[in-house]
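Indexing begins at 1, ligand by ligand and atom by atom, following the structure's order.
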Amino acid sequence: MTKAIYPGSFDPVTNGHLDIANRAAALFDELIICVYDVPLKSLMFSTRERVDLMKKSVTHIPNVRVEPYTGLTVSFAQKVNARVLVRGLRMSSDFEREFEMALMNKKLAPDIELVCFMTSLEYQFISSSLLKEACQLGGDISNLVPKHVAVALAEKFGLPQK
Ligand code: ADP
């Protein structure tokens with residue numbers, strides 16, 4: 001049985017993240033989406049909110065569960081007995097960052113393998129940060145995230161519900 005983790009900040013979860021989660025869940029026996037507690041970037045949603053938004057988004061995938069984590073990603077993978085770390089790639093700058101992290105992770109935990117999924121064309125331009133920016137400025141992001149995430153974003157920005 002191959003268990004994989006899909007780590008990220010997910011601030012908030014987008015359709016791009018869900019595309020990767022769906023595809024990874026089809027490939028591995030069990031997928032744990034792990035929500036990083038304190039990334040080195042400022043966040044809009046609390047860990048609890050990010051976990052809840054993600055949980056609501058993946059109820060239709062039976063072999064997926066969602067958990068918060070803190071500390072080293074590879075240590076979390078070892079703790080839950082996952083052999084595979086899943087990440088998504090949108091563009092060459094993602095590749096450079098992932099490549100660097102992968103080499104460090106390999107040094108720290110040689111038993112963990114990285115599997116990167118190329119983004120699907122329709123999600124290539126979606127990032128949580130750009131999405132928040134567009135939403136704050138009144139852009140319609142409703143087809144880029146699940147409905148409950150659009151509602152949560154509108155609430156955060158004090159925008160009228162569409
Ligand atoms: P992190 O802060 O760890 O980069 P993110 O929540 O931004 O966390 O992203 C988690 C993972 O999902 C990363 O591997 C990122 O490249 C990937 N990802 C984000 N958006 C997309 C997308 N639209 N298509 C494919 N992969 C994506």
Side-chain angles (χ1 to χ4, degrees), residues 3-28 30-58 61 64-80 82-106 108-109 112-136 139-150 152-153 156:
K3 202 189 266 191
I5 63 165
Y6 177 26
S9 316
F10 306 112
D11 185 48
V13 52
T14 70
N15 289 347
H17 294 132
L18 294 176
D19 174 57
I20 302 296
N22 269 305
R23 290 160 58 198
L27 208 61
F28 302 109
E30 189 181 347
L31 181 73
I32 304 172
I33 301 179
C34 46
V35 179
Y36 192 39
D37 199 9
V38 277
L40 295 173
K41 54 184 175 187
S42 58
L43 296 171
M44 161 151 281
F45 293 94
S46 69
T47 305
R48 178 79 180 272
E49 288 171 321
R50 287 178 288 133
V51 167
D52 286 349
L53 290 173
M54 181 60 91
K55 276 188 177 163
K56 263 194 199 169
S57 308
V58 294
I61 326 177
V64 168
R65 69 172 207 262
V66 183
E67 279 187 31
Y69 81 105
T70 193
L72 276 179
T73 303
V74 286
S75 301
F76 180 77
Q78 285 165 334
K79 194 180 108 191
V80 297
R83 287 260 350 248
V84 178
L85 205 157
V86 166
R87 296 284 286 173
L89 295 177
R90 284 161 297 186
M91 56 195 91
S92 53
S93 55
D94 277 351
F95 173 79
E96 280 165 30
R97 198 164 136 260
E98 293 301 332
F99 188 58
E100 237 177 43
M101 286 198 295
L103 292 180
M104 174 58 89
N105 283 339
K106 203 70 191 158
L108 296 170
I112 309 283
E113 291 298 341
L114 173 72
V115 173
C116 286
F117 287 75
M118 299 300 148
T119 184
S120 300
L121 209 51
E122 64 264 47
Y123 303 123
Q124 188 183 2
F125 66 99
I126 307 180
S127 72
S128 297
S129 50
L130 210 57
L131 182 91
K132 285 180 282 190
E133 220 174 296
C135 181
Q136 184 169 23
D140 180 8
I141 48 85
S142 57
N143 55 353
L144 308 180
V145 293
K147 171 89 180 131
H148 63 277
V149 175
L153 278 165
K156 281 276 177 204

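- The side-chain heavy atoms of Glu30 and Arg65, taken from C-beta on, include a pair separated by under 4.5 Å.
- Residue contacts with ligand 1: Thr119 is placed with a nitrogen or oxygen under 3.5 Å of a nitrogen or oxygen of the ligand (distance criterion only).
- Not a single heavy atom of Met118 sits under 4.0 Å from any atom of ligand 1.
- Contact annotation for Tyr6 and ligand 1: only side-chain heavy atoms (C-beta onward) come within less than 4.0 Å of the ligand.
- Listed by first and then second residue, the salt bridge (charged side-chain N to carboxylate O under 4.0 Å, His left out) pairs involving residues 122-131 amount to none (not counting sequence neighbours).
- At a 3.5 angstrom cut-off on N or O pairs, Ser128 does not count as close to ligand 1.
- Contacts with ligand 1 closer than 4.0 Å are made by no heavy atom of Glu122, backbone or side chain.
- Backbone and side-chain nitrogen or oxygen atoms of Asp11 are examined, and none is located within less than 3.5 angstrom of a nitrogen or oxygen of ligand 1.
- Checking Ser57 against His17 by side-chain atom types alone, no donor-acceptor pair falls below 3.5 Å.
- Ring-plane geometry between Phe117 and Phe28 is classed as perpendicular, the angle between the planes exceeding 60 degrees on a 0 to 90 degree scale with a lower cut at 30.
- Residue Ser9 has at least one heavy-atom neighbour below 4.0 Å for each of these atoms of ligand 1: 1 (P), 2 (O), 3 (O), 5 (P), 6 (O), 8 (O).
- Residue Gln124 places no heavy atom under 4.0 Å from ligand 1.
- Using a 30° and 60° split on the angle between ring planes, Phe10 and Tyr6 fall in the perpendicular class, above 60°.
- Residue-to-ligand polar distances keep Gly8 apart from ligand 1: every N/O pair is separated by 3.5 Å or more.
- When only interatomic distances are considered, the shortest N/O to N/O separation between Phe10 and ligand 1 falls below 3.5 Å.
- Near Glu98, meaning under 4.0 Å from one of its heavy atoms, ligand 1 places the atoms 14 (O).
- Atom CD in Glu67 sits 13.5 Å away from atom OG1 in Thr47 (nearest 0.5 Å).
- Of the candidates Leu131, Leu130, Leu144, Leu131 is the only one forming a side-chain contact (heavy atoms from CB on, under 4.5 Å) with Thr14.
- When non-hydrogen atoms are compared, ligand 1 lies under 4.0 Å from the backbone of Arg87 as well as from its side chain.
- For ligand 1, none of its N or O atoms has an N or O atom of Ile20 under 3.5 Å away.
- Inspection of the Asp11 and Ser128 side chains reveals no N or O donor paired with an N or O acceptor under 3.5 Å.
- Ser9 and Arg50 make their closest contact through O-NH1, 2.8 Å (heavy atoms, listed as atom of the first residue, atom of the second, distance).
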